[in-house]
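So you know, we letter chains A, B, ... as the sequences are listed, proteins then strands, and number each from 1.
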Amino acid sequence: MMAYWLLKSEPDAWSWDQQVRKGAKGEPWTGVRNHSAKQNLMKMKTGERAFFYHSGVGRAIVGILEVVRAPYPDPTDPTATFVAVDVRAVEPLPKPVALADIKAEPRLAEMALLKHSRLSVQPVTAAQWKLICRMGGLNGGGSRL
DNA sequence: GCCAACGTTGGC
DNA sequence: GCCAACGTTGGC
């Protein structure tokens, strides 16, 4: 079963543009230090997709990522407790979907982004994924590349 | 094992 | 800059 995800980053710390510059090889998504977030990372499989959400000054879903390496020990974690995955940028949303847009859409009221706003790695349902892709100007559900 | 204090995240 | 949510720490 293909699952969908949402990964959060403050653009000052790691932005979509930086991610794009890493190209097809991708880049380790490190620094997760929360056990719920870790549990979600552990479920990720190569080939699955995730939204890239800018928290803080961005507050919008700006692009689509693909998992290119399954979970492995986070090299930045000295306690060897947490895990990382590698992700690559697939494509930007032609029209970023802002947090305000998500709040204004009743069909997205159950999103983890609203219910658990501090969780940095979140699951997204297939229905939520399709709707946000459409809101963002992607009709192919982020699958056309 | 409980709980107060504290630190961090992230929206506003 | 403020504050709510929430995870972690440490005293008992």
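- The backbone N or O of A:V87 sits nowhere less than 3.5 Å from a side-chain atom of A:K22 that would complete a donor-acceptor pair.
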Side chains of residues 108-116 of chain A: which donor-acceptor partners sit under 3.5 Å, not counting sequence neighbours?
unit_1 : atom_1 : unit_2 : atom_2 : d
A:E110 : OE1    : A:K115 : NZ     : 3.1

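- Rounding to whole angstrom units, CG of residue A:L119 and P of C:dA4 are separated by 21 Å.
- Across the protein-nucleic acid pair, A:F82 atom CZ and C:dT8 atom C1' stand 11 Å apart, rounded to whole Å.
- Distance A:L7 CG to B:dG10 P: 12 Å, rounded to the nearest Å.
- Among the nucleotides B:dG10, C:dA5, B:dG11, the one closest to the side chain of A:R118 is C:dA5.
- A:K38 places a side-chain N or O within donor-acceptor distance of the main-chain N or O of A:T81, the cut-off being under 3.5 Å.
- The ring-ring contact (aromatic ring centres under 6.0 Å, His included) analysis of residues 55-105 of chain A, with sequence neighbours excluded, yields the pairs A:H35-A:F82.
- Side-chain atoms of A:E10 lie closest to B:dG10 of the nucleotides C:dA5, B:dG10, B:dG11.
- Between A:L114 atom CG and C:dA5 atom P there is a gap of 15 Å when expressed in whole angstrom units.
- One atom, NE2 of A:H116, and another, C1' of B:dT9, lie 15 Å apart when rounded to the nearest Å.
- Within the 4.0 Å cut-off from OP1 or OP2 of B:dG10, at least one side-chain nitrogen or oxygen of A:K8 is found.
- Between A:F51 and A:W129, the two ring planes are parallel [angle under 30°; tilted spans 30° to 60°].
- Only A:N34, A:H35, listed by number, bring a heavy atom of residues 27-35 of chain A to less than 4.0 angstrom from any atom of DNA chain C.
- A sub-4.0 Å separation between OP1 or OP2 of B:dG11 and a side-chain N or O of A:Y53 is present.
- We find that NZ of A:K38 is positioned 16 Å from P of C:dG7, with the value rounded to whole Å.
- A salt bridge links A:D74 with A:R33: at least one charged nitrogen is closer than 4.0 Å to a carboxylate oxygen.
- Counting to the nearest Å, the P atom of B:dG11 and the CG atom of A:D12 are 13 Å from each other.
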* Passes ring-ring contact (aromatic ring centres under 6.0 Å, His included), A:W29 versus A:F52? Steps please. -> CA-CA 11 Å; A:W29 193 274; A:F52 191 115; 5.5 Å; yes

